[in-house]
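For this chain, numbers begin at 1 and follow the sequence in order.
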Amino acid sequence: MRSPMGIIFCLETSEKHRECLKKQREAVKYRLKKLAARQSEIAKKSSLIRESIIQKYQEIQAVLDEDLRITLSHLEMEERAAVSALDGLMEKNCSLIQEIEQDLARLTVTLDPTNTENDTMNEEVEQQVVDLLNRTDPISVSLDEVKADQILRLTNNMLLLICSQTPIIKNLIKSYSSEVCLDPETAHPKLIISANGDSATYTDTWQQLPDLPGRFDTTLNVISLQSYSFGRHYWEIDVTEKTYWELGVTYPTISRKGTTEDCWLGRGEESWCVEFFDGEYTAWHGGVPHQLPFTKQFCQIGVLCNFPAGLVTFLEADNMTPLYCFCAGTFSDCLHLALCPGHDHNGTNSKPIVICNTTSTTSDLELVAPQKSI
C-alpha cells in the first residue's frame, strides 16, 4: 500500500501530466485554427486572381469585338454605296430598255418604209445606247480592294502577335526552363546515358560499372547532375513511342540500393513522379497512386518545380494541359530531376527517354552548383 505522501506525489504528477496534455491540445487546436484560416486566405486570394485574369480576358475580347464592329461597319458602308451606285446604273439601263421597247411597239404599228424619221430615230437610239453603255460600265464601280488588302494584312499581323503571346501559360512556363543533364554515376547499370547526358536508354546487358554509393542497383533510375533549391524550374522530356516510363523529381536522399519500394520514384516521401504503363497514367508520391483520366499517348511531358509555392506539376508539354499537381508545402532539401525509361518490353519500349533542353529567358532560375548525390 502506498503512503499518503506517495499518493499525493502521484496525484501531483498526474495533474501536471494532465495540464501538459491540455496545453498540447490547445497548441494543436490553435494550429488547426491557423491552418483553416490559411486555407480560407489562399482560396480567397486564388479567387481574386482568377477574377482579375477573367476580367482582363474579357477586356481583351471587348477591345477585339469593338475593333471588329468598326472594321465591318466601314466595309458594310462601302458595300452599300457600291450596291446603291450599281442600282442606279441598272435603273438607267432598265429605263432605256423600256424606251426601246416603246419604240419597237410604235414601229410595229406604223411601219412605213418611206418614213425618214425612222432612220433619224435609229441613230438617236443607237447613240443613246452607246452613251449609256459607256456610262454604266460595271468596272466603273468597285470596292477599295487595296484598303481591304491592308485591313487583311493588319488583322493577320494582329493574329500573329496574339499567337506569339499565347498560350500565355506556355510562354510563362517555358521561361522557367533550366538546363539539366543526367549523372551517369547514378544510373542503373542497364541504362546507357548519352555523352551529353540528355538521354537514357535501356539495355539488356549489365554494364560493368563502378558500384558507387549513389548508383541505383535495382530500379532503372537515373537522376540529374544538377540540383535545385529555390526559384522555378521547368523541363520537358520526350517519351515518343515509349510504352513505359517514369519521371519526376527527387531529394538526393532517395534510396539507391536493394529492392525496397522507396527506391522506386514516387513510392517514398523523397520523390514525386508520373508513370505511364500499359496505356495508363498514374501520379505517385509517398506510395499513394493517383489514377489520371488520360488515355492519349503523349509525346512530351513537362515537369515544373515551383519552390516558392512548394509545387511539383506535371503537364502535357504541347499545350501545357495539367496532368497532376503535388503540393509539398515546403521542400526540405534540394531536388534532382529523375527518370526511368523502363524495360524494353520485348522491343516495344526500346526508345530512349530524352531531355529536351531549352534556353532559359528569365533570371528567376537559380541553379545550385552541381552536387554529387550520395
Side-chain angles (χ1 to χ4, degrees), residues 177-229 233-268 270-276 284 300-303 305 312 314 333-345 347 349-360 365-374:
S177 296
S178 298
E179 294 289 335
V180 69
C181 62
L182 301 174
D183 183 359
E185 294 187 1
T186 67
H188 186 277
K190 285 194 172 183
L191 296 184
I192 299 175
I193 308 303
S194 62
N196 58 358
D198 67 346
S199 70
T201 308
Y202 174 80
T203 175
D204 277 331
T205 303
W206 184 283
Q207 302 174 90
Q208 297 303 313
L209 300 173
D211 185 16
L212 302 174
R215 189 182 301 284
F216 292 91
D217 66 359
T218 302
T219 53
L220 298 172
N221 294 341
V222 58
I223 68 173
S224 64
L225 179 65
Q226 298 88 347
S227 63
Y228 303 84
S229 61
H233 307 275
Y234 175 71
W235 308 279
E236 287 183 0
I237 295 88
D238 193 328
V239 290
T240 303
E241 296 184 26
K242 292 191 66 60
T243 59
Y244 170 51
W245 49 261
E246 294 179 13
L247 58 92
V249 294
T250 182
Y251 292 142
T253 53
I254 187 173
S255 298
R256 315 292 178 94
K257 307 297 182 181
T259 59
T260 63
E261 284 196 357
D262 287 354
C263 294
W264 292 87
L265 298 181
R267 273 51 169 193
E270 298 85 3
S271 60
W272 298 257
C273 90
V274 164
E275 172 192 73
F276 179 69
W284 289 88
Q300 290 188 340
I301 303 297
V303 181
C305 182
V312 177
F314 296 90
D333 203 341
C334 61
L335 290 172
H336 294 259
L337 179 65
L339 307 176
C340 170
H343 294 84
D344 67 354
H345 285 182
N349 192 44
S350 59
K351 295 288 184 178
I353 191 168
V354 182
I355 300 172
C356 307
N357 278 323
T358 55
T359 303
S360 170
L365 306 179
E366 301 294 342
L367 176 63
V368 179
Q371 304 171 9
K372 288 293 181 181
S373 304
I374 58 172

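In terms of heavy atoms, P352 sits closest to K242 at O-CD, 3.6 Å. Minimum interatomic distance between I193 and P184 (heavy atoms only, all atoms of both residues): CG1-CA, 4.1 Å. Here the shortest heavy-atom pairing between D262 and G268 reads OD1-CA, 3.6 Å. Residues E246 and E275 come closest through the heavy atom pair OE2-OE2, 3.0 Å. Here the closest non-hydrogen pair linking G342 and L220 is C-CD1, 3.8 Å. Across every non-hydrogen atom of K257 and P213, the tightest pair is CE-O, 3.6 Å.
Two residues are said to be in side-chain contact when any heavy atoms from C-beta on lie closer than 4.5 Å; L339 and L191 fail this criterion. Inter-residue side-chain proximity for T218 and C263 is flagged as unmet; no heavy-atom pair is nearer than 4.5 Å. For the pair R256 and L212, the minimum side-chain heavy-atom distance is 4.5 Å or more. Residues S178 and Y228 meet the side-chain proximity criterion, which asks for heavy atoms closer than 4.5 Å. With contacts defined as side-chain heavy-atom distances shorter than 4.5 Å, the pair D238/Q300 qualifies. At a threshold of 4.5 Å between non-hydrogen side-chain atoms, the residues Y234 and V303 do not count as touching. The shortest side-chain heavy-atom distance between T240 and K351 does not fall under the 4.5 Å cut-off.
The CZ atom of F276 lies 14.0 Å from the SG atom of C340; values are rounded to the nearest 0.5 Å. We find the CG-CG distance between L182 and L337 to be 7.0 Å, quoted to the nearest 0.5 Å. The OG atom of S199 sits 12.5 Å away from the CD1 atom of I237 when rounded to the nearest 0.5 Å. Separation of atoms CG (N196) and SG (C181) is listed at 8.5 Å; rounding is to 0.5 Å.
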Worked check of side chain to side chain contact (heavy atoms under 4.5 Å, CB included) between R267 and C273: CA-CA 9 Å; R267 273 51 169 193; C273 90; 4.2 Å; yes
Going through the checks in order, is the ring-ring contact (aromatic ring centres under 6.0 Å, His included) test met by F216 and W264? CA-CA 10 Å; F216 292 91; W264 292 87; over 10 Å; no
Audit row: I301, W245, side chain to side chain contact (heavy atoms under 4.5 Å, CB included) steps and yes/no: CA-CA 11 Å; I301 303 297; W245 49 261; 3.6 Å; yes
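In this structure W235 satisfies the side-chain hydrogen bond (donor to acceptor under 3.5 Å, both in side chains) test with no other residue, sequence neighbours excluded.
The existence of a salt bridge linking K190 and D344 is excluded, since no basic side-chain nitrogen approaches an acidic carboxylate oxygen closer than 4.0 Å.
Side-chain atoms of D183 do not come within 3.5 Å of backbone N or O of I223 as any donor-acceptor pair. N349 places a side-chain N or O within donor-acceptor distance of the main-chain N or O of P341, the cut-off being under 3.5 Å. Put simply, the side chain of N221 never gets that close to the backbone of A338: no donor and acceptor are under 3.5 Å apart. One N or O on the side chain of R215 and one on the backbone of P210 form a donor-acceptor pair closer than 3.5 Å. Listed for the E270 side chain is no donor-acceptor partner under 3.5 Å among the backbone atoms of P252. Counting only distance, with no hydrogens or angles, the side chain of H336 and the backbone of Q226 share a donor-acceptor pair below 3.5 Å.
Each of I254, T219, L247 was compared with L265 under the side-chain contact (heavy atoms from CB on, under 4.5 Å) criterion, and only I254 meets it.
Note on residues 178-197: pairs passing ring-ring contact (aromatic ring centres under 6.0 Å, His included), not counting sequence neighbours, are H188-W206.
Within 6.0 Å of atom CD in E261, 12 or fewer heavy atoms from other residues, nucleotides or ligands are found, so the atom counts as exposed in its surroundings.
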